[in-house]
Amino acid sequence: MSIQRSLVLIKPDAVRRSLMGPVLTKLEETKLTLIAARLTRVSPQLAADHYAQHVGKPFYNQLMEYITGKIHGAPYDKVVALVYEGDDAIQKIRSLAGDTNPEKAQPNTVRGMFGRITTAGLFENVLHASATPLEAEREIKLWFQPDEILADIYPTKKSGTTRAWERIPAVSEL
Ligand code: GDP
Ligand code: MG
């Protein structure tokens, strides 16, 4: 057992189909700790950085259109980005998510329950979850500023003044 973090994205198909709540419910059932959360649009640059390992694959262009929200369109062109922390977080969330291919995913997994393959061949697989600790660290740094993470991970020196309303107090300051 080791404490790990995992970056989870609730993808635009889940936003489109009102599945943010059900997916969060399943994630909460893991009893992992949520330490960061943000609703965001995904720029082409962030999408390319996030999925850099898939450049050149046959589904790459479609994947870029999917994660940037072009396929599902406004007002669903957004994702919920989350960071969970806890024992064995990566494997716990990958097991909960199920197979990448929603038709192969077991029916008791999130992708098995809510995912589908569209007639255009898109894997609408509801969520992203980090696959390894290294991938998690890379992804969390890509998606979140240190100040947005409510736990002391990947410490970075802070400089400059922050306005009070945008500063998240540490537990020790409350
Ligand atoms: P994941 O870690 O389970 O999300 O899977 P990968 O890292 O291998 O792939 C990233 C994302 O690309 C997946 O979640 C899917 O959205 C998409 N993807 C992966 N493999 C395929 C494929 O064979 N066909 C299609 N259409 N999409 C795929
Ligand atoms: Mg992956």
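Counting convention: from 1, in listed order, for ligands and their atoms alike.
Each of the atoms 1 (P), 3 (O), 4 (O), 14 (O) of ligand 1 lies under 4.0 Å from some heavy atom of Arg111. Heavy-atom contacts of Tyr51 reach the following atoms of ligand 1: 10 (C) (cutoff under 4.0 Å). Within ligand 1, the atoms closer than 4.0 Å to a non-hydrogen atom of Gln62 are 26 (N), numbered from 1 in the order shown.
Checked by atom type, the side-chain pair Asn61/Glu65 shows no donor-acceptor distance below 3.5 Å. Side-chain polar atoms of Ser130 and Glu135 form no donor-acceptor pair below 3.5 angstrom.
From the protein, the heavy atom lying nearest to atom 18 (N) of ligand 1 is Phe59 CE1, 3.5 Å. Nearest to atom 1 (P) of ligand 1 among the protein's heavy atoms is Thr100 OG1, 3.5 Å. Of the protein's non-hydrogen atoms, Lys11 NZ, 3.2 Å is the one closest to atom 16 (O) of ligand 1. Here the protein heavy atom with the shortest distance to atom 11 (C) of ligand 1 is Leu63 CD1, 3.8 Å.
Side chains of Thr100 and Arg111 form a contact here, defined as non-hydrogen atoms less than 4.5 Å apart. Between His50 and His128 the shortest side-chain heavy-atom distance falls below 4.5 Å.
By the side-chain contact (heavy atoms from CB on, under 4.5 Å) test, Ser95 is found to be paired with Gln91, residues two or more places apart in sequence or in another chain being considered.
Note: an N/O pair closer than 3.5 Å links Asn125 and ligand 1 by distance alone.
His54 and Phe59 have tilted rings, their planes meeting at an angle from 30° to 60° on a 0 to 90° scale. Aromatic ring orientation, His72 versus Tyr66: tilted (interplanar angle from 30° to 60°).
Residue Arg94 places a heavy atom under 4.0 Å from ligand 1. Residue contacts with ligand 1 include Gly121, since one of its heavy atoms falls under 4.0 Å from the ligand.
The other residues sharing a hydrophobic cluster with Leu34 are Val8, Ile10, Val15, Leu19, Met20, Val23, Leu24, Leu27, Leu32, Leu39, Tyr76, Val80, Leu82, Tyr84, Ile93, Leu96, Val110, Met113, Phe114, Val126, Leu127, where clustering joins ILVMFWY side chains under 4.5 Å apart.
Across His128, Gln53, His54, heavy-atom proximity to atom 8 (O) of ligand 1 is greatest for His54.
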